[in-house]
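Comments concern the structure below.
Quick note: numbers below take in every heavy atom, side chains included, and nothing from hydrogens, waters or symmetry partners. For this chain, numbers begin at 1 and follow the sequence in order.
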Amino acid sequence: MAVTYQTEGVKMPDIKKRETTEWIKSVAASYGKRLGEIAYIFCSDEKILEVNRQYLQHDYYTDIITFDYCEGDRLSGDLFISLDTIRTNAEQFGTSYDNELHRVIIHGILHLCGINDKGPGEREIMEAAENKALAMRQV
């Protein structure tokens, strides 16, 4: 199992990698899952738009795109996170950049755990799961 953190055209966000990885592992375990290969790729709005167009045929900016390579109870995936959108959303939602960043980091893991947010009532379920996961985080 490995969680990797990399950047594409942006400065690495100020996160505590070891603590963040342990937090991700404990959230996954709370869903009966274990970590496989998880790659976080922090990028700009321009890069996430390019990924969204190329792989999903979506022509808009977003905070995270999750590519799911899970097998059984082992979580694996590539998670692209736009730090530009994190900053914008933090201002829009009146929260700190750090809190919004960790919300999005765990949002991708929750997707890999099988939680969706596009259908009726699913957004509320995802928000509750995010809040529960954020409460597990050691700050």
Mind listing the side-chain donor-acceptor pairs of residues 28-37 below 3.5 Å, one per line with the distance, residues two or more places apart or on another chain?
unit_1, atom_1, unit_2, atom_2, d
Ser30, OG, Val27, O, 2.6
Arg34, NE, Asp73, OD1, 3.2
Arg34, NH2, Asp73, OD1, 3.4

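Between Phe67 and Val51, the closest side-chain pair of non-hydrogen atoms falls below 4.5 Å. Looking only at side-chain heavy atoms (C-beta outward), Asp63 and Ile81 stay at 4.5 Å or farther from each other.
Residue Ala129 comes nearest to Ile115 through the heavy atom pair CB-CD1, 3.7 Å, listed as atom of the first residue, atom of the second, then distance. In terms of heavy atoms, Thr85 sits closest to Thr62 at OG1-O, 3.5 Å. In this structure, Phe42 and Leu83 approach most closely via the heavy-atom pair CD2-CD2, 3.7 Å.
Donor-acceptor pairing under 3.5 Å is recorded for the side chains of Ser82 and Asp45.
In terms of the side chain to side chain contact (heavy atoms under 4.5 Å, CB included) criterion, residue partners of Asp98 (sequence neighbours excluded) are, by chain and number, Ser96, His102, Arg137. In this structure, the side-chain hydrogen bond (donor to acceptor under 3.5 Å, both in side chains) partners of Thr21, at least two apart in sequence or on a different chain, are Tyr5. The salt bridge (charged side-chain N to carboxylate O under 4.0 Å, His left out) check on Glu8 picks up Lys47, with sequence neighbours excluded. Remark: Asp78 engages Tyr69 in a side-chain hydrogen bond (donor to acceptor under 3.5 Å, both in side chains) (not counting sequence neighbours). Applying the salt bridge (charged side-chain N to carboxylate O under 4.0 Å, His left out) criterion to Asp68, with sequence neighbours excluded, gives no partner residue. Shown here are the side-chain hydrogen bond (donor to acceptor under 3.5 Å, both in side chains) partners of Thr95, two or more places apart in sequence or in another chain: Asn99. A search for salt bridge (charged side-chain N to carboxylate O under 4.0 Å, His left out) contacts involving Asp59 returns Arg53, not counting sequence neighbours. Applying the side-chain hydrogen bond (donor to acceptor under 3.5 Å, both in side chains) test to Asn131 and every residue at least two apart in sequence or in another chain returns Arg103. Checked against salt bridge (charged side-chain N to carboxylate O under 4.0 Å, His left out), Glu122 has no partners two or more places apart in sequence or in another chain.
The ring-ring contact (aromatic ring centres under 6.0 Å, His included) analysis of residues 117-139, with sequence neighbours excluded, yields no pairs. Under the ring-ring contact (aromatic ring centres under 6.0 Å, His included) criterion, the residue pairs touching residues 111-139 are His107-His111, with sequence neighbours excluded.
A salt bridge links Arg123 to Glu127: one of the charged nitrogens lies within less than 4.0 Å of a carboxylate oxygen.
Of the inter-residue distances, the one linking Tyr60 atom OH with Asn52 atom CG reads 5.5 Å to the nearest 0.5 angstrom.
At most 12 non-hydrogen atoms from other residues, nucleotides or ligands lie less than 6.0 angstrom from CD of Glu71.
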